[in-house]
Amino acid sequence: LGMFSELKFLVPWGHVAAKAWGHSEGHPVLCLHGWLDNANTFDKLIPLLPRGCYYVAMDFSGHGLSSHRPAGCPYHFLDYVTDVRRVAAALQWRQFTLIGHSMGGAVAGMFCFLYPEMVDKLILLESLGFLLAPEDTEAWLKSKRKVIDRLLSLEAKQQTPKAWSPAAALQRLLEANTHLTAEGGAILLQRGATETPTG
């Protein structure tokens, strides 16, 4: 398991980088590094782990060889959880093992909490995982999972923006906002629409 390959997964702000050991047919294991670390944190450990697994160690956004988020965008834990969801989707993994070190363990724990059906084993190194007061769990679970799922389905459907004639754009705006007058809609469109060669 000494040899590894580099992987790249496209995301809306660039890519998430990862390195992989073993054969892609092996049991999938996703490895999450700690705060200010990167995928290389697993270099010495993975050769000692059981063969027959496919180990993928990702760089969280803004770490290692992964793209940084745009300037001014903070890095929230939930965004790291979403990165994990994106990588699992790109790898087409329905169920896998998670190994998380330190902060990566907290992200892994949060992922398990939101997507228990996707994780067969959770392995934590120097981490408590994710703890939440029992009275908060249900509301948190429902809302956060919905946010991530909706975001990823919107990204999957991303198409080239449509071009409309000014009249058609105004009509669409008025249909979607029945409280607007035609004059009010036209005023908003002056600044809310961009003219392109096609419309």
Side-chain angles (χ1 to χ4, degrees), residues 1-69 73-132 137 140-141 144-145 147-149 151-152 155:
L1 279 175
M3 295 291 294
F4 66 88
S5 55
E6 290 284 352
L7 305 175
K8 246 186 196 183
F9 308 102
L10 292 181
V11 291
W13 60 93
H15 68 268
V16 167
K19 47 199 300 196
W21 292 261
H23 292 290
S24 54
E25 305 83 59
H27 180 78
V29 180
L30 189 63
C31 307
L32 308 180
H33 64 75
W35 191 61
L36 301 183
D37 287 348
N38 57 57
N40 277 9
T41 203
F42 294 101
D43 278 9
K44 296 288 188 192
L45 176 64
I46 287 183
L48 306 174
L49 297 181
R51 294 175 187 280
C53 292
Y54 183 50
Y55 298 97
V56 175
M58 60 183 274
D59 291 323
F60 285 127
S61 296
H63 297 69
L65 302 180
S66 287
S67 303
H68 289 253
R69 290 184 182 274
C73 288
Y75 289 81
H76 292 295
F77 260 60
L78 207 62
D79 297 323
Y80 292 138
V81 175
T82 310
D83 286 352
V84 171
R85 186 74 190 78
R86 284 189 172 98
V87 168
L91 289 164
Q92 298 182 321
W93 285 359
R94 299 175 70 85
Q95 200 178 55
F96 53 97
T97 297
L98 267 174
I99 300 180
H101 171 241
S102 191
M103 181 194 86
V107 173
M110 206 181 274
F111 185 89
C112 276
F113 182 65
L114 288 172
Y115 297 98
E117 75 284 2
M118 293 186 75
V119 181
D120 61 3
K121 285 189 194 81
L122 172 63
I123 300 164
L124 300 175
L125 313 171
E126 296 181 307
S127 178
L128 290 170
F130 175 60
L131 305 170
L132 202 60
T137 54
W140 197 92
L141 179 66
K144 300 297 187 264
R145 183 165 168 152
V147 165
I148 294 174
D149 290 347
L151 176 68
L152 295 191
E155 284 172 11

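It should be emphasised that the depicted structure is a prediction, and the values quoted were computed from it without experimental measurement.
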- [ ] For Glu117, look at atom CD and say whether over 12 heavy atoms of other residues, nucleotides or ligands are found less than 6.0 Å away.
- [x] yes

Task: Ser67 versus Gly14, closest heavy-atom pair with distance - done: OG-CA, 3.5 Å

- [ ] Ignoring hydrogens and angles, tell me if any N or O in the side chain of Ser61 forms a donor-acceptor pair with the backbone of Arg69 under 3.5 Å.
- [x] no

- [ ] Check for a donor-acceptor pair, side chain of His63 on one end and backbone N or O of Met58 on the other, with a separation under 3.5 Å.
- [x] no

Task: Intermediate values then yes/no, side-chain contact (heavy atoms from CB on, under 4.5 Å), Phe4 and Asn40 - done: CA-CA 11 Å; Phe4 66 88; Asn40 277 9; 5.8 Å; no

Task: Residue pair Asp43 / Lys19, side-chain heavy-atom distance below 4.5 Å - done: yes

Task: For Glu6 against Leu65, the heavy-atom pair lying closest together - done: OE1-CD1, 4.1 Å

Open item on the list: Would you say the rings of Tyr115 and Phe96 are close, in the sense that their centroids are separated by under 6.0 Å?
Closed with: no

TODO: Go through Leu122 and Phe111 one step at a time and tell me if the side-chain contact (heavy atoms from CB on, under 4.5 Å) criterion holds.
DONE: CA-CA 10 Å; Leu122 172 63; Phe111 185 89; over 6 Å; no

- [ ] Check the pair Leu78 / Leu114 against side-chain contact (heavy atoms from CB on, under 4.5 Å), numbers first and verdict last.
- [x] CA-CA 10 Å; Leu78 207 62; Leu114 288 172; 4.1 Å; yes

Task: Matching residue for Phe60 among Trp35, Tyr80, Phe77, Tyr75 - test: ring-ring contact (aromatic ring centres under 6.0 Å, His included) - done: Tyr80

Task: Any Leu91 side-chain heavy atom under 4.5 Å of Phe9 side chain - done: yes

Task: Inter-residue atom distance Arg51.CZ - Trp21.CH2, 0.5 Å rounding - done: 13.5 Å

Open item on the list: With heavy-atom distances below 4.5 Å as the criterion, would you say the side chains of Lys144 and Val81 are in contact?
Closed with: no

Open item on the list: Set out, in order, the CA-CA distance, both residues' side-chain angles and the distance that settles side-chain contact (heavy atoms from CB on, under 4.5 Å) for Leu125 and Leu45, then state yes or no.
Closed with: CA-CA 11 Å; Leu125 313 171; Leu45 176 64; 4.1 Å; yes

- [ ] Take atom CG of Leu48 as the centre, draw a 6.0 Å sphere, and report whether it contains more than 12 heavy atoms from other residues, nucleotides or ligands.
- [x] yes

Task: Partners meeting ring-ring contact (aromatic ring centres under 6.0 Å, His included) with Tyr54 (sequence neighbours left out) - done: none

Open item on the list: Do Trp13 and Cys73 make a side-chain contact, defined as non-hydrogen atoms from C-beta onward lying under 4.5 Å apart?
Closed with: no

Open item on the list: Do Leu49 and Val29 have side chains that approach each other closer than 4.5 Å (heavy atoms only, starting at C-beta)?
Closed with: no

- [ ] Using atom types as modelled and distance alone, determine if a side-chain donor or acceptor of Ser127 lies under 3.5 Å from a backbone N or O of His101.
- [x] no

